[in-house]
Each structure stands twice: as C-alpha cells, then as structure tokens.
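What follows is a short report on a single structure.
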Amino acid sequence: MKRSLALLLVAVVTHVLGWILPVFQDYRGIHAFRAALSPIWPYEHFHIPPGRLVFLSVGSAATNVVFVAVAIAVWTGLVATRARQRLAVWLVGAATLLNLHWPLSMGDSASGLRAGYYVWIASFVLLLLAVHPALS
C-alpha cells in the first residue's frame, strides 16, 4: 500500500503542476480548464462551436473532478478492495483517454500544446498506477 500512496502523492503534485504550467500559448492549466468549460460557463472570448467538441471539452474539464474524487478515495482507503480498485482503474483510464482528445481535436494547432498539458496527462497516468491492483 505504501507504493500506492507514494504514487498518489506524485500524481497529486503533478496534477497541481499541470494547472500552473503553460498549456497552450500563454494560457496556464487553470485558464485551459475555464476555456474547456466555456460552453456552460462563459470565459473571455472563447467560443467552442456546437458539436462533439462541446461534449469532449466539458467532459475533459469534468475529469478533474474524477481525479480529485479518486485521489481522495485512495488517500482515505476507500479503494482498498480489488473490486473498487478495478472500478477506479476504469474511471481514471477513461478520464485519461478522454483527455487525450486534445491533440486530435486541435488539429494543426496541437503543435502549440505546451508542457502543462503533458504534465496534466501524466498526472492521470500516475493516478492510474496508484489505483492499479497490481501495485497494491
């Protein structure tokens, strides 16, 4: 269990760094989060055209709630059984895959993704490792 908690700590620190570091151009993770939520919570001049990108964008922002919920569950020991660990693996794995849509959805602009995006993605992978039954 110690390995899981160590991975959890690294995942949380990495996640926080993803919010602080630049993600795209001069926008830091917190700004990217607000821009992703712009279809339901207007932010500056961002407008995501209607269609699947609206759902992907809002869903991607919502994965941060999944991250926090699973991290708390690991920290408090709620993910101690194999069944709960498997559920957490599926939740975090799905969140990670959803977040990987950005380089595809951004098309030619994807080359502008900066370190914060990749650090943020890494935090989900680290959390996935923290909850994986093979490491407990």
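From a predicted model like this one, the values you see are computed outputs, not experimental measurements.
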Distance, nearest 0.5 Å, that separates [atom1] of [X] from [atom2] of [Y]:
{"X": "Leu100", "Y": "Leu56", "atom1": "CG", "atom2": "CG", "value": "11.5 Å"}
{"X": "Phe67", "Y": "Thr96", "atom1": "CZ", "atom2": "OG1", "value": "9.5 Å"}
{"X": "Thr63", "Y": "Leu98", "atom1": "OG1", "atom2": "CG", "value": "6.0 Å"}
{"X": "Ile121", "Y": "His15", "atom1": "CD1", "atom2": "NE2", "value": "10.0 Å"}

Using the rule that Ile, Leu, Val, Met, Phe, Trp and Tyr join whenever any side-chain heavy atoms are under 4.5 Å apart, tell me whether [X] and [Y] fall into a single cluster.
{"X": "Ile72", "Y": "Val12", "result": "no"}
{"X": "Leu127", "Y": "Leu5", "result": "yes"}
{"X": "Leu97", "Y": "Val70", "result": "yes"}
{"X": "Tyr118", "Y": "Val23", "result": "yes"}
{"X": "Ile30", "Y": "Phe124", "result": "yes"}

Which atom pair, heavy atoms only, marks the closest approach of [X] to [Y]?
{"X": "Leu37", "Y": "Ser57", "value": "N-OG, 4.5 Å"}
{"X": "Leu128", "Y": "Val92", "value": "N-CG1, 3.7 Å"}
{"X": "Phe24", "Y": "Leu113", "value": "CD1-N, 3.8 Å"}
{"X": "Ser60", "Y": "His101", "value": "CB-NE2, 4.1 Å"}
{"X": "Ala61", "Y": "Phe33", "value": "O-CE1, 3.5 Å"}
{"X": "Leu21", "Y": "Gly116", "value": "CB-CA, 3.6 Å"}

Are side-chain heavy atoms of Asn64 and Trp19 found at a separation under 4.5 Å? yes
Flag side-chain contact, heavy atom, 4.5 Å: Gln85 against Val79: yes
Flag if over 12 foreign heavy atoms under 6.0 Å of CZ, Arg34: yes
Check: [X] side chain, [Y] main-chain N or O, donor-acceptor pair, under 3.5 Å:
{"X": "Arg28", "Y": "Gly18", "answer": "no"}
{"X": "Ser38", "Y": "Ala35", "answer": "yes"}
{"X": "Ser123", "Y": "Ala11", "answer": "no"}

Mind telling me whether Trp120 and Tyr117 have parallel, tilted or perpendicular rings, with 30° and 60° as the class edges? tilted
